[in-house]
Structures are given as C-alpha cells and as structure tokens.
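As the structure is a prediction and not an experimental result, all values here were calculated from the model. Naming: A, B, ... by sequence-line order, numbering from 1 per chain.
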2 protein chains.
Amino acid sequence: MSSPRERILEQASILFHHQGYNSTGINQIISEANVAKASFYQHFKSKDDLCVEFLNRRHQYWFDALSDFTSKTENPKERILSAFDFIIHMNDRENFRGCSFLNILSEISKEQESILRVIQSHKNDLRVFFRQLVNNELLATHIYLLFESAIIESQLFESNEIVDKSKSIVKNII
Amino acid sequence: MSSPRERILEQASILFHHQGYNSTGINQIISEANVAKASFYQHFKSKDDLCVEFLNRRHQYWFDALSDFTSKTENPKERILSAFDFIIHMNDRENFRGCSFLNILSEISKEQESILRVIQSHKNDLRVFFRQLVNNELLATHIYLLFESAIIESQLFESNEIVDKSKSIVKNII
DNA sequence: AATTAAATAGACAGACTTGTCTGTATTATT
DNA sequence: AATAATACAGACAAGTCTGTCTATTTAATT
C-alpha cells in the first residue's frame with residue numbers, strides 16, 4: 001500500500017472532483033484513505049493546503065493526459081481538433097464533472113489567494129498550449145475560449161453534443 | 001419595511017452571490033434579513049427551495065437588465081456586441097463574481113435536480129436570446145459559447161480584458 | 001538490540017450546519 | 001371587539017465541520 005500522504009491525495013482527488021471542495025470533509029478523506037487525522041495534519045497544514053496540492057497534481061495529470069491524447073497526430077490543426085475529442089474522452093471517464101479548477105473557483109472566496117493562483121496558472125498554461133499550435137494570438141484565444149465553454153456546457157447539460165458543435169466551429173476558423 | 005419573504009430573498013441574493021451557496025448558512029440569511037427562523041421555514045421548505053426561488057429571481061433580474069442594456073440600439077449586430085459590454089457592466093457592479101448559475105452548478109450534486117433544471121433553462125434562454133439576433137443556429141451557438149467563457153474568464157482573472165477580446169472576436173464573425 | 005521517526009486510534013474543543021419546536025406578540029380581517 | 005393569520009425570539013436536536021491533542025503501536029535506522 002502506498003504512503004499515507006499518497007493515499008490522502010488519491011482520495012482527495014476522487015472526492016473533490018466528484019463531490020466538490022466544500023462538500024468534502026477532512027474526516028471523509030482520511031476515513032476513505034485509511035489514515036489517522038494526526039497523520040493528515042503532519043502532511044498538510046490545512047485543508048486549503050491540501051487543495052493546492054490536489055490542484056497541482058491535477059494540473060500535472062490533466063496536461064499529461066492532454067499531451068498524450070493530442071500527440072497522436074503531428075498536424076497542429078489536427079491536434080487542436082483532437083483536444084476537443086479529449087474533452088469527450090474525459091467526460092466519459094469522469095461523468096461530466098467538468099473542470100476541477102473552474103469548479104473550485106466557484107467555491108472559494110477572495111481570501112483563498114493561494115488556491116486562486118494555481119487555477120489562474122493552470123488556465124494560463126492551457127492558453128499557451130493553443131498558442132503554440134496556431135501561432136496567432138487572437139486565434140489562440142478564440143480557440144481557448146471555445147474550449148473552456150465546451151467543457152462547461154457539456155457539464156451543464158451532461159452531453160457531448162455541444163463539444164462536437166464546438167469542434168466543428170473550430171474546424172471552420174482554423 | 002418589506003415582507004419577511006422579500007427580505008429573505010434580498011439577503012439570500014446578496015449572500016449567495018457573494019459568498020457562494022454552500023458557504024452561506026440559513027442562520028446568516030435570517031439574521032441579516034431580520035427574520036425569525038420559524039418564519040423562514042414558513043415560506044421555504046428547505047434551503048434548496050430557497051435556492052430555486054433565488055435563481056428564478058436572478059433569472060428575471062438578469063434578463064431584464066440585459067434586455068434593457070442591449071435595447072439601446074436597434075441593429076442586431078450592435079445588440080450582440082453590447083451584450084459583451086453588459087458583462088463588463090455587471091463585472092463592475094458585482095466585483096467579478098461571475099455567473100450565479102454557473103457558480104451554483106459547481107456546488108451542487110447530481111441529486112439536486114430541481115436546482116440543475118433552473119440553471120439549464122436559464123442558459124437555454126440565453127442561447128435563444130442570441131439566436132433571435134443572428135438567425136443562424138451555429139453562429140448563435142458560437143456567440144453564446146464566447147459569451148459564456150467571457151464571463152468565466154473575467155471572473156477568473158478579475159479583469160475585463162478578455163471580455164474586450166471576446167468582443168472583437170465576435171465582431172469579426174458576425 | 002536500542003533509538004528515532006512515522007503512523008495509528010480516537011477523544012476533544014469550539015464552532016458551525018439545517019431543520020423543528022414552543023410559546024408569545026403583532027397585525028389583519030371579520 | 002373577537003378571531004385568525006402571521007411573525008417573533010430563541011431553545012433544541014442531531015449532525016457537520018476543522019483542527020489539536022494524547023497515548024499507543026508500528027517501522028526504519030543506527
């Protein structure tokens with residue numbers, strides 16, 4: 001069995017992503033991770049601290065998965081379009097739970113700056129991802145915005161229909 | 001002074017919008033609305049029930065404000081562009097708190113269906129709003145998606161820069 | 001084998017949550 | 001003026017929350 005710290009992060013990933021941040025308590029996390037509470041506070045100084053760590057991990061995991069998924073083709077335009085297939089892929093895997101970063105954004109207050117910064121930097125990286133594929137500032141932003149709303153709208157309506165629509169819109173503008 | 005029910009809804013609007021749904025308790029609402037707890041439960045059978053009522057009100061308020069704001073011009077294309085100015089207007093008024101509907105979407109679970117339905121129907125209406133202005137299904141969706149992400153990204157970065165960018169993107173596609 | 005480090009269980013504090021309840025006071029209607 | 005409806009204050013239940021603490025056990029290192 002993996003280390004307590006690892007088990008905490010694993011369970012937090014599952015629970016934060018499926019139930020939301022505020023609706024998931026430390027007690028549930030440690031109980032399902034089979035870790036004592038004192039051990040939890042040995043590794044994380046607060047719940048917000050765990051949240052930051054979770055988001056950092058999620059960032060790594062998500063970008064690795066995106067890179068993997070989109071690098072099946074060499075053509076930059078094909079890669080952009082496959083990024084939208086990646087949304088569908090993730091929706092299937094995660095039951096339309098949307099973007100962890102945007103979900104948590106809606107839950108935090110202005111005081112939780114350290115969490116906000118991780119979210120901002122994640123989205124910045126996503127924007128850079130598209131910019132590297134189109135080499136045109138405004139077009140990259142355009143695609144980025146459509147990508148973002150494709151995630152959210154598919155979460156809202158629990159359907160990939162809008163992702164396909166976004167994809168064909170993008171096909172027309174690149 | 002207005003009725004207890006009215007005062008509850010007023011305070012709930014302010015608090016849900018500024019602190020989020022899960023972070024706002026019944027006790028705070030009734031305390032700031034100067035209403036007894038028994039009175040609260042005479043008008044609303046649960047917190048979720050209040051949430052539905054709040055969203056219905058917000059829907060009305062928000063659409064009235066949008067209609068008002070965009071109807072200063074007759075030209076449909078001008079109206080679409082002014083809808084993006086409306087985002088800036090609301091961001092200024094509400095300190096980049098984003099969309100109440102999408103914020104609450106991130107906070108609820110799959111069980112809270114009545115809340116989800118109100119959110120879905122609000123967004124459907126927004127889509128119809130654009131479709132009435134462009135009379136082209138795919139283009140309307142395109143604008144709708146850019147509008148949605150303009151709200152979210154300006155919330156995330158607490159800046160209207162991305163709204164202006166969205167606006168110029170829309171200018172080029174209509 | 002002895003020492004140090006890490007993990008355990010779980011009690012506890014203090015504050016919060018939603019929702020129910022009792023009893024009283026105010027207001028509106030007949 | 002008497003009745004009925006509404007609102008009031010606030011205790012209470014039963015649970016949640018984060019975070020601290022003690023005391024014990026397991027594991028790793030010297």
Given atom CD1 of I29(A) and atom C1' of dT16(D), what is their separation to the nearest angstrom? 14 Å
Contacts under 3.5 Å, N or O only, protein and nucleotides 4-7 of chain C:
| residue | atom | partner | partner atom | Å |
| --- | --- | --- | --- | --- |
| dA7(C) | OP2 | H43(A) | NE2 | 3.1 |

Kindly write out the residues that satisfy ring pair (Phe, Tyr, Trp, His ring centres under 6.0 Å) with Y144(B), not counting sequence neighbours, or none if the list is empty. none
Tell me, for nucleotides 18-23 of chain C in 5' to 3' order, what letter each nucleotide earns: B for a base near a protein heavy atom under 4.0 Å, S for only sugar-phosphate near one, - for neither? BBBB--
Which pairs count as side-chain hydrogen bond (donor to acceptor under 3.5 Å, both in side chains) when at least one residue sits in residues 127-138 of chain B, sequence neighbours excluded? R131(B)-E137(B)
Does K72(A) count as lying over the ring of F69(A), i.e. NZ or CZ under 6.0 Å from the six-ring centre, within 45 degrees of the axis? yes
Is the ring centre of H17(B) less than 6.0 Å from the ring centre of F54(B)? no
Step through it carefully: locate the ring centre of H142(B), locate the ring centre of F130(B), and say whether they are under 6.0 Å apart. no
Output a table of donor-acceptor pairs, distance under 3.5 Å, between side-chain atoms of residues 74-81 of chain B and any protein atom two or more places apart or on a different chain; print 'none' if there are none.
| residue | atom | partner | partner atom | Å |
| --- | --- | --- | --- | --- |
| N75(B) | OD1 | K77(B) | N | 2.8 |
| N75(B) | OD1 | E78(B) | N | 3.3 |
| R79(B) | NE | T70(B) | O | 3.4 |
| R79(B) | NE | T73(B) | O | 2.7 |
| R79(B) | NH2 | T73(B) | O | 3.2 |

Do N160(A) and S154(A) have side-chain atoms, one donor and one acceptor, less than 3.5 Å apart? no
Which salt bridge (charged side-chain N to carboxylate O under 4.0 Å, His left out) pairs, counting each pair once, include a residue from residues 80-94 of chain B, with sequence neighbours left out? R58(B)-E94(B), D85(B)-K167(B)
